[in-house]
Amino acid sequence: MSSERTLTVARAGREAVMWEMQNDPSVFMLGEDVFAFGGVFGTADGLGEMFGPDRILDTPISETGFIGLATGAAMAGMRPIVELAFVDFIGVCYNAIVNLAAKHYYLSNGQVKVPMVLMLGSGGGYNNGAQHSQSLLASLAHMPGSVVVTPSNAYDAKGLMHSAIRSDDFVIYSGQKKVAGVGMLGTPIKTSMSVVPDEPYTIPFGVANIVQEGTDLTMVGVSWTVHQCIEAAERLQSEHNISVEIIDPRTVVPLDRDAIFDSVKKTGKLLVADEDYQSFGFTGEVIASVVERDPSVLSCAPVRVANPDLNIPYSRPMELRVLPTADRIVEESKKMLGL
Amino acid sequence: MSSERTLTVARAGREAVMWEMQNDPSVFMLGEDVFAFGGVFGTADGLGEMFGPDRILDTPISETGFIGLATGAAMAGMRPIVELAFVDFIGVCYNAIVNLAAKHYYLSNGQVKVPMVLMLGSGGGYNNGAQHSQSLLASLAHMPGSVVVTPSNAYDAKGLMHSAIRSDDFVIYSGQKKVAGVGMLGTPIKTSMSVVPDEPYTIPFGVANIVQEGTDLTMVGVSWTVHQCIEAAERLQSEHNISVEIIDPRTVVPLDRDAIFDSVKKTGKLLVADEDYQSFGFTGEVIASVVERDPSVLSCAPVRVANPDLNIPYSRPMELRVLPTADRIVEESKKMLGL
Amino acid sequence: MKPTAAQRKAMYSDIVRSREFDDRVLELYFADKMPVFDLAKGVIPGEIHSSHGQEPCAAGTMPHLTLEDTITSNHRPHHHAICRGLDLNKLAAELMGKKTGYCAGKGGHMHIYSVEHKFSCSGIIAEGMGPAAGVALANKMREQDGIAVSYMGEAAANQGAFHEVMNMAGVYTLPYICIIEDNNWGVSVSKKASTAIERNSERAASYGVYGEYVEDNDCDLIFEAMSRCVDRARSGQGASILEIQTYRLKGHMHGDQMAYVPEEEVAAMKDCVIEYRNKLISEGVLTEKEAEEIVSQQKSEVDAAIQFGLDSPYPDPEDAFQNTYAGVSK
Amino acid sequence: MKPTAAQRKAMYSDIVRSREFDDRVLELYFADKMPVFDLAKGVIPGEIHSSHGQEPCAAGTMPHLTLEDTITSNHRPHHHAICRGLDLNKLAAELMGKKTGYCAGKGGHMHIYSVEHKFSCSGIIAEGMGPAAGVALANKMREQDGIAVSYMGEAAANQGAFHEVMNMAGVYTLPYICIIEDNNWGVSVSKKASTAIERNSERAASYGVYGEYVEDNDCDLIFEAMSRCVDRARSGQGASILEIQTYRLKGHMHGDQMAYVPEEEVAAMKDCVIEYRNKLISEGVLTEKEAEEIVSQQKSEVDAAIQFGLDSPYPDPEDAFQNTYAGVSK
Ligand SMILES: Cc1ncc(C[n+]2csc(CCOP(=O)(O)OP(=O)(O)O)c2C)c(N)n1
Ligand SMILES: Cc1ncc(C[n+]2csc(CCOP(=O)(O)OP(=O)(O)O)c2C)c(N)n1
Ligand SMILES: [Mg+2]
Ligand SMILES: [Mg+2]
């Protein structure tokens, strides 16, 4: 029996965690504030009561330590889900992520598996300052050995979480805080909520979602910027009759380069929106991936809308200036289209 | 009196350090194995004896700790030079680098300066395994707030080191181990050695060096790959009469996008070579920087020669396969040129 | 060293000042975030970690520090900033993201810098220890006066940086003091659930440094303990860990309901402002009237500061591009 | 628990085996790197950290571990791998980057994995602690037998990971043992220059775990101390730090001339292979003849292993693209 339920991203992801924990005793969660608090961004809401402190394990503020422990538990056949709260904290445990968890499988020539999920909350836009608003996806996606998942809506969040937990690979599951739809960040973004089946289902890694088809311009976004693209596309459609195709890669490693290329081939125009620092990041990678196949598919210069390589200022007007908002996307699109 | 001396990169950089230490009491060095050992890659060779243990400070294996201390010393007006040996170790101190040292100046609105140099040794090619052969430049360059310097030859090494130490910004000075010309890595790369003036001189950040002019194809490399480009260009010239222009940005943050664009505008063809993991890295950034200005300057698809997103295998034939060697550059160039 | 009557009054005045400030911030924080609560809304947005209950940790230690000394604080910086003597106007303005704030709005609540007060803070756990110890190292190298002090919570003592920096402080015999404000909680995780031993000050033995535990959140006791640590630092005897038992009265951040804190524990929490006032009055150091005067004096200064903040303009969006580098123009 | 005569012979045999292996590796290492020394050249390339002198730390501890137990080692892994019983052929082949090696050449000297021996190692300081403690946690959660042991040097105890993992081992009462091989040097930095206190085992007090120091590099003493730590781990009493005074006879890595080590210290270094042989002979546990037999037996096995490695083929360059992900095809 499947009811029609519209869920937030956070609840949908949590539902997958819950199902997997109920059905697989090797799945457990650990991190700061997961047991009684339910995770800083609600990722573990209610799980503590449901599964008890031995399967929803509170940790000290020792990120290198607990990611190290989780890696060991995974090597021993458990399926840990590590909650790291803010992606900004990868600084204190980057080694455990990229040099330890992400290297064992390859270096052991496939002998040692690390079936572990690392959950992160990324993004700003709520005036939380430079160390609690970052995106940092590229610093993770750049490093080989992990899958990097970035759901933008509830349906994908659940399916990708099932896939992540069942995967024998190390999966970084990066949620965006405002996309998650957690209470303290105001009204959830409408387009992030979806009807979510009761039953478990999986979504393959490396297959993009074509959010909407279009013919004039391709927009590629991840997580929060998918919604900025949707809003921008609506305005371009209604105000200028521009038909935008929006691609959401859903996983940035592996990246569905085929889907992006095919779309640009059709539209001839490419705009990439990303909340992360622009240089050496997602936007450059997407653009390069297209032109290294064939630059002639582009009818004009591709455009990046990202953080202009600035540490994130706290103050509202300045933070808004560095965010890749729908406004900035509309503006850049119009320039591109000569409007 | 200026003699004609040909130096290795390591010696040229060290000469700048020495001069600055002699002339500015606020400059000091700290890190593992700097005092008696002279730095794992010879960066501090002889300095211990010259300046004593109070200015050439050995540290515990506590990278987060000593980069934190150096940041504080810099805030207090000293000019610390931190020796981190292998760039692979940024994992244990990424926070101190990108969230601490790289953020103070901006967040304090310019009140607090961090005039600090972080010296790193990057790169592989000598069978030292996956945790001692990485390049990781993009993980550093992606983050705002620091300058990232990557000298490819002795002349630049000295000038950029003077600039780095005198800079009021936090400068990451990334040397490549094989480019450095240290004893244990065999005969120095010929093209990395240069005649180096005795006198101190500076090189501005963000100004590329045109290693050689050419008309058929632009190659962009950093540090070690500059030399792979030089070798490849020689072979293309002598075997196929191809004229290659080689650009060495010298600093990847800031990146001299103008010089790269101007060159590609002239040649119509772009190959970017980088030892780092390919995706979300330097190669994508360079290509995107060109096409976002004007994709029509490209007469064919740009090409990337980098690590194909693999953790670095130890074994010689496999490691050689993932390195961006002159062989791979020649091969890709020939494909590009239809040869 | 025991505090004089004047010092005790000043400490009382400081904790009142900090409390009044936090109370006004709390009020403002929620005032304009309704009907749908949203961290991003209102005149004071983002996470706010108030110092309610922990004021003596700052008020009792700062009197020993001069403007040659350096302070690093953490994500809960108001009491440190205020007891250090930072300007209330610029502080209030910074919390509101205004152009007149200490960092012209770039920093915010967790990133308050005042170079003249040698004061900074940051939001990553235990991150302030390294810089403080580094200033201490610099001063020692230059044979210059000035010690350095970092403030943090008890849960921060489980972060690797704590270990690395304390060991270096021991090895280099640095004029550095690590102050641990033990409020028994790191967000929702109790000390017992996160820390293998009872007293973080005992970890001093691992680093060859001095450790001291102050078992009550009392300005006088803290003042005395700090005087011993400061003496050691100034006289070349090296670093200390000063651990203070304190209370987090208003939860981890504004909005935290503290549902996870046992009722008995909430009931047992002491409010230092009341306690210290009663103590000073009962010991004849302060009269009721003086106490009231101090409160109303601080209240009005805080009110003026808040008003200053409210009246100040926001920065221009394009200001985001200023002060990105000291010497590089991109 | 004291070792039996048979166990003592076995330990002797193990340290000989490890030493013979390291001697042959050392020989081969330099043989083909001339006339211009280049780490990248020769049949065994890259950095090699030999175990010369530290063999008892492995030989004395491994007898207490079963195949249900898990071991993580560090950048100096030969003695651990050999005393754990890893196959010498595959080990030698891995060091040569051959297809027949444990990781088919992907890992190399610092990344030897044998899943059947629950053995792994890695090159980042103190990195092995977390995974070992994590296996211990998993076993505890599943109420499964099996403890976990990590091996590292004394200098690694100043890395933040040490602190974080030991504290968690204390908080969760994990069946985990951290073995510290104190050879007095971290590359060129002496313990005194890097560590604020004399004994790392005393840091156990910071984590509520058991700490023990073995003051001589002697298989028997190590065996006994380890038995106490293992008993605690197996009986649910939690984690230990076992610190062993040992000697690094051949420098940090092959090629290190140890110019920075004081002459007296070099002169005082004990060679455990000679010491233990003399001890066993003088105590009547071993005859000269038996000792010689053990040596020649191990020598010939090592020779055969080296030959196996030399005779093995290199992987194909394209093998680099295999086993990149367990389930994802890019
Ligand atoms: C490295 C890191 N991990 C996690 C956090 C999130 N965080 C912020 S404050 C806090 C609790 C800190 O507790 P404590 O140190 O005791 O200070 P208190 O808040 O009690 O004053 C946590 C977990 C962080 N800011 N940095
Ligand atoms: C995080 C990190 N920092 C530095 C190094 C470089 N390094 C490799 S071994 C070593 C010394 C280790 O000393 P110790 O732990 O005592 O082990 P030993 O070599 O003496 O056996 C250093 C500094 C590293 N591998 N990882
Ligand atoms: Mg606390
Ligand atoms: Mg050692």
Side-chain angles (χ1 to χ4, degrees), chain A residues 31-40 48 53 57-66 68 85-86 88-93 95-96 124-133 177-178 182-188 279 307-323, chain C residues 33 36-42 44-47 75 94-99 101 103-111 122-127 153 155-161 186-190 193-196 252-253 255-256 259-261 314-322 324 330:
Chain A
E32 288 153 34
D33 304 300
V34 288
F35 176 64
F37 209 68
V40 174
L57 206 66
D58 272 343
T59 61
I61 311 180
S62 307
E63 289 83 359
T64 287
F66 66 74
F86 290 81
D88 307 70
F89 306 158
I90 61 166
V92 299
C93 51
N95 186 72
Y126 62 105
N127 313 109
N128 214 7
Q131 289 181 333
H132 288 78
S133 304
K177 287 170 253 171
K178 292 177 69 143
V182 290
M184 63 186 172
L185 291 171
T187 317
S279 293
N307 174 310
D309 296 328
L310 292 179
N311 279 305
I312 299 168
Y314 166 80
S315 176
R316 191 172 295 131
M318 292 193 288
E319 187 183 14
L320 271 173
R321 175 63 188 83
V322 309
L323 282 172
Chain C
K33 285 197 179 52
V36 179
F37 182 82
D38 183 348
L39 277 181
K41 288 205 298 193
I44 298 183
E47 286 177 47
H75 61 283
E94 189 60 30
L95 259 57
M96 299 178 190
K98 298 298 184 76
K99 207 178 165 71
C103 309
K106 289 213 174 97
H109 160 67
M110 286 187 265
H111 304 282
S122 62
I124 298 291
I125 289 301
E127 196 188 76
N158 295 320
Q159 179 68 217
V187 192
S188 71
V189 182
S190 71
S194 71
T195 309
H252 176 65
M253 58 186 243
D256 175 10
Y260 50 83
V261 182
Y314 278 106
D316 189 87
E318 297 304 316
D319 288 356
F321 290 85
Q322 276 166 14
T324 54
K330 274 243 256 187

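Throughout, a chain's letter reflects where its sequence line sits, starting with A, and its residues are numbered from 1. On a predicted model such as this, the values are computed, not experimentally measured, just so you know.
Ranked by heavy-atom pairs shorter than 4.5 Å toward chain C, the options A:T64, A:L320, A:V92 are led by A:V92. The candidate with the highest count of non-hydrogen atom pairs below 4.5 Å against chain A, out of C:A155, C:P315, C:A161, is C:P315. Counting heavy-atom pairs under 4.5 Å between each of C:G160, C:A193, C:G186, C:G107 and chain A puts C:G107 at the top. Contact count versus chain A (heavy atoms, under 4.5 Å) is highest, among C:G42, C:C103, C:A126, for C:G42. With chain C as partner, the option from A:T59, A:L185, A:D58 having the largest number of non-hydrogen pairs under 4.5 angstrom is A:L185.
In this structure, the side chains of A:F66 and A:C93 stay at 4.5 Å or more apart for every pair of heavy atoms. Considering only heavy atoms from C-beta on, A:N128 comes within 4.5 Å of C:M110 through its side chain. By the 4.5 Å heavy-atom criterion applied to side chains, A:Y314 and A:E319 are not counted as neighbours.
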Using the side chain to side chain contact (heavy atoms under 4.5 Å, CB included) rule, take C:D316 and A:R321 through it: C-alpha gap first, then chi angles, then the decisive distance, then the call. CA-CA 9 Å; C:D316 189 87; A:R321 175 63 188 83; over 6 Å; no
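Of the possible polar contacts, one joining the C:H109 side chain to the C:H75 backbone as a donor-acceptor pair under 3.5 Å is found. No donor-acceptor pair under 3.5 Å is formed between the side chain of C:K106 and the backbone N or O of A:M318. Distance alone, capped at 3.5 Å, places no donor-acceptor pair between the A:Y126 side chain and the A:K178 backbone.
Listed in order of number, the residues of residues 31-40 of chain A that approach chain C to under 4.5 Å between heavy atoms are A:D33, A:A36, A:F37.
Proximity to chain A (any heavy atom under 4.5 Å) is shown, for C:K33, by neither the backbone nor the side chain. The part of C:I125 that comes within reach of chain A is its side chain, from C-beta onward, which places non-hydrogen atoms under 4.5 angstrom from that chain.
The side chain to side chain donor-acceptor pair (under 3.5 Å) check on C:N158 picks up C:T195, C:R203, D:N167, with sequence neighbours excluded.
Side chain to side chain, A:Q131 and A:D88 fail the donor-acceptor criterion of an N or O pair below 3.5 Å.
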